[in-house]
Amino acid sequence: MWSTSVGADGMKEHYPFKTIEAKWQQYWEDQGLFATDVTDARDKYYCLMMFPYPSGTLHVGHGRNYIIGDAVARYKKMRGKRVLTPMGWDAFGLPAENAAIKTGTHPRTSTLNNIATMKKQLRAWGCGYDWAREVTSCEPDYYKWTQWLFLKLYERGLAYKKEAAVNWDPVDQTVLANEQVLPDGTAERSGARVEKKMLSQWFFKITAYAQRLLDDLETLDGWPERVKAMQENWIGRSEGARIEFPLVPRNDGVADETDTIPCFTTRVDTIYGCTYMVLAPEYPGIETFVAGLPEEDSVRDFIATAGRLSAIERTTEGDKNGVFTGRYVVNPFNHETIPLWIGDYVLLEYGTGAVMAVPAHDTRDWAFAHKYDLPIRISIQNPDRTLDLATMTEAYVDDGVVVDAIPFSNLPNREAIPKMAAYAEVQGFGKAVVQYRLRDWLISRQRYWGAPIPIIYCDDCGMVPVPEADLPVKLPMDVEFKPSGESPLKRHPDFQQVPCPRCGKPARRESDTMDTFVDSSWYFFRYLSARDDAQAVDTACCDQWMPVDQYIGGIEHAILHLMYARFFTKAMYDLGLVHCEEPFAQLFTQGMITKRSEQDGQLYKMSKSKGNVVSPEALIEAFGADTVRLYTLFIGPPEKEAEWNDDAVEGAHRFLRRIWRRVYLHRDWLVAARDAQPMLDQLPADARALYRKLHESIQRITRDLEGAFHFNTAIAQIMELMNALDDVEVSADHPEPVRAVYRETLESVVLLLSPFAPHIAEELWQELGNPPSILNAEWPRVNEAALHRDEVEMVLQVNGKVRGRIMMPATADQHAVEEAARDNPQVQKWIAGKTIRKVIVVPGKLVNIAAG
RNA sequence: GCCCAGGUGGCGGAAUGGCAGACGCAAGGGACUUAAAAUCCCUCGACCGCAAGGUCGUGCGGGUUCGACUCCCGCCCUGGGCACCA
């Protein structure tokens, strides 16, 4: 029903997305619309997207992150916020170094090339950033400060070196942090089967922050529950007791290095049922315990066999193997002498590496005791007191009553736990303790492409930190990459040989570099003073702008990056560098984009190896960036996974084309209707209804964007509004108030659309006679008067089933509504001959008559 | 085993305890066109019925309620996190 008059230039009638997209990208850049002056923090809104690793090119799956972030930034700007959206590059990392080994291209060259490509891609998507704050973690002006922060942590004892059993990735030729090993024992990055090796490595003492990291999760109201739950699981707090078991001296008079063996238990209430103790095979000093005893050979064999097992074999539930040591310990509660065993199911890294075994009340101990015919004793009775060793077929692990445990007998076991821990403390052989699963963060990597650890080894002075004035410790560029994967720093004399900063004698530089997760643990502070070469962070500015108001990124960083960044923030807080304890107030984790593989028809995350990658370039060429953006946001709830569907992209394009034509064809008289007012009392019914629909839409879209970012329903609402517009005839021939309605509707559609499809919105905004940029325009406001209805449609139900509907004055009272409902012929058909038991009236909505 | 999500048409997905399936995709039919593209109109959960209309339907089984996709209890399934963690 749209008038078909064609505009002056027929060309532009066909939504010239290519020209307008190039035009507006240039305009935003020239006008510096995303440059933010951080000296003014009134109404600040720090909108941050996880900075990408410059892997080469971005696909539409990556795009979701940036498109969501850009839509949020644009929306908040229109809501009057002073929005800061910086962007940078997590630019150190193994892929670039591995590529260098293959192709000979230096990692810095390939990385900077990739950055240039990806920057172009972000621009082509229409995403705006404050590029003056760009940080690139592989450049000395950034990693200088990463190294400086390392030194600060080192001074505080939060960075330390120790010999430990660590995860070794044989493919990437480096050690890894626990967080970077998947549950199946393979490396998160390379996929290699991780090996355990005893090596001397650098750690950050994240465990010192375990409790704070756990406690402060509760303050993070703006974080998804699942992310908080994952971090809670990972930290793995458990309360228990540490009990010292005296070691029974050897018969042959040979002295031991220790006279007690401590163990950690969460079930000290079961200790009267403890019938033996088990040590981890790697337990330090185990060999001296058994030296010269008849059991020595079997113990050595056992340890050797257990040592050959891989991490997965050791940590997979299943068969438990062990061996008797020939030694005994004493249970300090009942003074009973019990045998000391070694078992491969006991982990050195957890607790004390020793377990008090209570087969009657622990499923693992039950299995072990049965296998090796060890004694079993009940020390917790079930509430009915019917437990009997003769009839038990599995360990009783539930709560009950303590038995055979004078002076604790007959106590409910939960009450016995604190009492027994207190008793141990008074007696001096134990105490209540809290144990965490979280391990310290292993940060050294035996690779080249990372920030060098600023430490020097001197034969006389030992470990010496590089003086601050000598930072950055620069990565040498003249290096040779060997296929073995060995770090070129290890055989780079100029890099390694250095005088000791303390005594001046020849010394050796640390050749390990830092985990790239260190670089990304503090970049959000650096954005605020990215070009400052005098200090790592600008404390005053951080006070103003931190925390980040909205952080947006992938769920895959739920534990890794997000916990490391929280740890760094707390450590920097303790150093007085910043005054916020949590970096990210609101966290939004968008779901992955998947696509069906052409090979096997399964859904996979987009990746080159699966061959299901969709590049944005061809789509932008064919449909424009606005279409790709609109489709990406419309695909489904942004926090959920979504399957990419090439066909549906066209639907988004059709919609934009429709809006383009509607506005463009009528632009002349729409501009002329600039000052016309939509007088409510002068509007014919259809225009009045459209005007109501418009304001309902504004209300709903605004609600959808606040908080939960329901872009999909917001866009659906714009589509509905356009559909409603289709049902009326829009032309210049209408009276002024009606023209005003059409103008306001189309203008609002453009405004409401602008965070999602900003180029077309800018162009149409201008076509409607407004000055650019739409970013400076105000988000539409709801006109409460427009929402008013004189009449409402009411649903009529009989026994909960819809039987009809009637129009009622909005002011009708309950009685009138009930009356009208009973009089309705449809309703009468269903209540005829029945007794009406109850009538429910929901004002403005429905009537339900219960009849039977 | 423990802890989180989730299960709705052919598909993606909508629904403050109040009309289940908004919006879009796909499909089918039609209009315009020499033709195509583009655009527009109609149909589109299942079953019964010529129709009016009716019955069933949100993983399964119960419950609360005038009324349940929504709340409660018990299951099943899918995805994710943790797990020989003492």
Side-chain angles (χ1 to χ4, degrees), chain A residues 1-2 4 14 183 224-238 240 263-268 270 277-278 280 314-320 343-347 349-358 361-365 367-368 397 435-437 555-556 558-559 591 630-631 634-637 639-652 654-655 657-658 661 703 710 712-723 726 793-805 826 829 836-842 844-852:
Chain A
M1 271 187 266
W2 290 81
T4 49
H14 296 289
E225 283 305 319
R226 60 174 170 159
V227 174
K228 290 195 275 187
M230 280 163 80
Q231 292 209 358
E232 215 175 300
N233 276 341
W234 188 261
I235 295 168
R237 179 191 156 104
S238 68
C263 76
F264 173 76
T265 178
T266 54
R267 291 295 305 276
V268 66
T270 64
M277 178 181 253
V278 195
R314 271 291 299 280
T315 56
T316 306
E317 204 166 336
D319 199 26
K320 294 158 185 52
D344 62 1
Y345 69 100
V346 179
L347 307 172
E349 310 88 66
Y350 189 76
T352 62
V355 170
M356 60 170 234
V358 185
H361 304 297
D362 182 283
T363 49
R364 294 153 303 177
D365 298 340
F368 194 81
V397 298
Q435 183 72 40
Y436 300 92
R437 208 191 68 92
I555 186 74
E556 66 273 20
I559 293 169
L630 193 72
Y631 172 66
F634 187 61
I635 195 167
E639 71 279 5
K640 286 217 247 164
E641 267 186 22
E643 185 186 340
W644 187 268
N645 175 0
D646 283 321
D647 286 341
V649 176
E650 264 189 83
R654 267 199 294 270
F655 178 63
R657 208 154 47 197
R658 235 173 98 198
R661 249 193 341 266
R703 201 179 56 218
H710 288 157
N712 55 330
T713 48
I715 292 166
Q717 190 64 39
I718 303 179
M719 290 173 168
E720 261 193 70
L721 180 57
M722 284 300 290
N723 291 347
D726 271 357
E793 187 187 66
M794 297 197 70
V795 170
L796 307 179
Q797 292 185 339
V798 178
N799 291 331
K801 293 195 181 193
V802 180
R803 298 302 182 188
R805 47 197 76 218
Q826 285 297 325
K829 235 168 68 183
I836 293 175
R837 288 193 310 251
K838 200 169 183 181
V839 180
I840 310 284
V841 177
V842 182
K845 281 214 174 122
L846 72 99
V847 186
N848 188 14
I849 299 173

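Here the structure is a predicted model, which means the values were calculated and not measured. Basis for what follows: all heavy atoms, side chains included, without hydrogens, waters or symmetry-related copies. In the text below, chain A, chain B and the rest are named by the order of the sequence lines, each starting its count at 1.
- Atom P of nucleotide B:rG6 and atom NZ of A:K640 are separated by 7 Å, given to the nearest angstrom.
- Taking atom P in both B:rG6 and B:rC56, one finds a spacing of 30 Å when rounded to whole Å.
- Considering only heavy atoms from C-beta on, A:I555 comes within 4.5 Å of A:R226 through its side chain.
- Place A:M719 and A:G636 on RNA chain B by their nearest nucleotides, and A:G636 ends up nearer the 5' end.
- Contact annotation for A:P637: backbone-only contact, meaning every heavy-atom pair under 4.0 Å involves sugar-phosphate atoms and none involves a base.
- The line from CD of A:E793 to CZ of A:R805 is 5.0 Å long, rounded to the nearest 0.5 Å.
- As a whole-Å value, the separation of A:M230 CE from B:rA5 P is 13 Å.
- To the nearest whole angstrom, the two P atoms, one in B:rU58 and one in B:rA5, are 23 Å apart.
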All N/O pairs under 3.5 Å across the protein-nucleotides 51-53 of chain B interface:
none

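- In this structure, the side chain of A:N848 engages the main chain of A:G800 through a donor-acceptor pair within 3.5 Å.
- Partners of A:E641 according to the salt bridge (Lys or Arg N to Asp or Glu O under 4.0 Å) rule, which considers only residues two or more places apart in sequence or in another chain, do not exist here.
- A:G351 comes within 4.0 angstrom of no nucleic acid atom, judged by non-hydrogen atoms across all strands.
- The shortest side-chain heavy-atom distance between A:V795 and A:Q797 falls under the 4.5 Å cut-off.
- A:N233 places its CG atom 12 Å from the C1' atom of B:rC85, with the value rounded to the nearest Å.
- Residue contacts shown for A:K228 are absent, as no nucleic acid heavy atom lies under 4.0 Å away.
- In this view, A:V842 and A:I840, A:K845, A:L846 satisfy the side chain to side chain contact (heavy atoms under 4.5 Å, CB included) rule, not counting sequence neighbours.
- If you check every strand for non-hydrogen atoms under 4.0 Å, A:N799 touches nothing.
- Among B:rC25, B:rA38, B:rC84, the nucleotide with an atom closest to any side-chain atom of A:R657 is B:rA38.
- For A:Y350, the listed nucleotide lying nearest its side chain is B:rC85; candidates were B:rC85, B:rC84, B:rG24.
- For the atom pair CG (A:D362) and CE (A:M356), the distance works out to 9.0 Å, reported to the nearest 0.5 Å.
- Remark: the backbone N or O of A:W234 is paired with a side-chain donor or acceptor of A:R437 at under 3.5 angstrom.
- Both A:T266 and A:A229 lie close to RNA chain B; mapped to their nearest nucleotides by heavy-atom distance, the more 5′-ward contact belongs to A:A229.
- Nucleotides B:rC73 and B:rA20 place their C1' atoms 25 Å apart, quoted to the nearest Å.
- Using P as the reference atom, B:rG79 and B:rU8 are 14 Å apart when rounded to the nearest Å.
- For the pair A:R658/A:D726, a side-chain contact is recorded, criterion being any heavy-atom separation below 4.5 Å from C-beta on.
- As a whole-Å value, the separation of A:N723 CG from B:rC40 C1' is 13 Å.
- For the pair A:Y631 OH and B:rC25 C1', the interatomic distance rounds to 8 Å; values are reported in whole Å.
- Taking atom P in both B:rU65 and B:rC60, the straight-line distance is 23 Å, to the nearest Å.
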Using a cut-off of 4.0 Å between protein heavy atoms and nucleotide atoms, how would you tag nucleotides 27-33 of chain B 5' to 3' with B, S and -? -------
Please write out each protein N/O paired with an N/O of nucleotides 15-22 of chain B under 3.5 Å, distance rounded to 0.1 Å.
residue : atom : partner : partner atom : Å
B:rU16  : O4   : A:K845  : NZ           : 2.7
B:rG18  : N2   : A:N848  : ND2          : 3.3
B:rC19  : O2   : A:R805  : NH1          : 2.8
B:rC19  : O2   : A:R805  : NH2          : 2.6
B:rC19  : N3   : A:R805  : NH1          : 3.0
B:rA22  : O2'  : A:E720  : OE2          : 2.7

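- Side-chain atoms of A:R658 lie closest to B:rG24 of the nucleotides B:rG24, B:rA86, B:rC56.
- Taking the C1' atom of each, B:rU70 and B:rG63 are spaced 15 Å apart, rounded to whole Å.
- Spacing of C1' atoms, B:rC69 relative to B:rA14, comes out at 11 Å, to the nearest Å.
- More than 90° away from 0 lies the glycosidic angle of B:rG7, which makes this nucleotide anti.
- Residues A:V227 and A:A558 come closest through the heavy atom pair CG1-O, 3.9 Å.
- Where pairing requires Watson-Crick or G-U contacts shorter than 3.5 Å, the helical stems of RNA chain B with at least three consecutive pairs are B:1-7 with B:76-82, B:10-12 with B:23-25, B:27-31 with B:39-43, B:45-48 with B:53-56, B:59-63 with B:71-75.
- Residues passing the side chain to side chain donor-acceptor pair (under 3.5 Å) test with A:Q435, sequence neighbours excluded: none.
- Proximity note for A:K320 (side chain, C-beta onward) versus B:rC84, B:rC3, B:rA86: the nearest is B:rC84.
- Distance CG (A:N645) to C1' (B:rG13): 12 Å, rounded to an integer number of Å.
- Between the C1' atoms of B:rA46 and B:rC41, the separation comes to 27 Å (whole Å).
- With sequence neighbours excluded, the residues forming a side chain to side chain contact (heavy atoms under 4.5 Å, CB included) with A:E639 are A:F588, A:P637, listed by chain and number.
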Can you give the donor-acceptor pairs under 3.5 Å from side chains of residues 642-649 of chain A to other protein atoms, not counting sequence neighbours?
residue : atom : partner : partner atom : Å
A:E643  : OE1  : A:R596  : NH2          : 3.3
A:E643  : OE2  : A:R596  : NE           : 3.2
A:W644  : NE1  : A:D646  : OD1          : 2.8
A:N645  : OD1  : A:D647  : N            : 3.0

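- Evaluation of the salt bridge (Lys or Arg N to Asp or Glu O under 4.0 Å) rule for A:R654 yields no partner, not counting sequence neighbours.
- In this view, A:D365 satisfies the salt bridge (Lys or Arg N to Asp or Glu O under 4.0 Å) rule with no residue, not counting sequence neighbours.
- When rounded to the nearest whole Å, the span between CD of A:Q717 and P of B:rG24 equals 11 Å.
- The distance between atom CG of A:D362 and atom P of B:rA86, rounded to the nearest whole Å, is 9 Å.
- Here B:rC4 is the nucleotide among B:rC4, B:rA86, B:rG81 with the atom lying nearest to any side-chain atom of A:R226.
- In this structure A:R703 satisfies the salt bridge (Lys or Arg N to Asp or Glu O under 4.0 Å) test with no other residue, sequence neighbours excluded.
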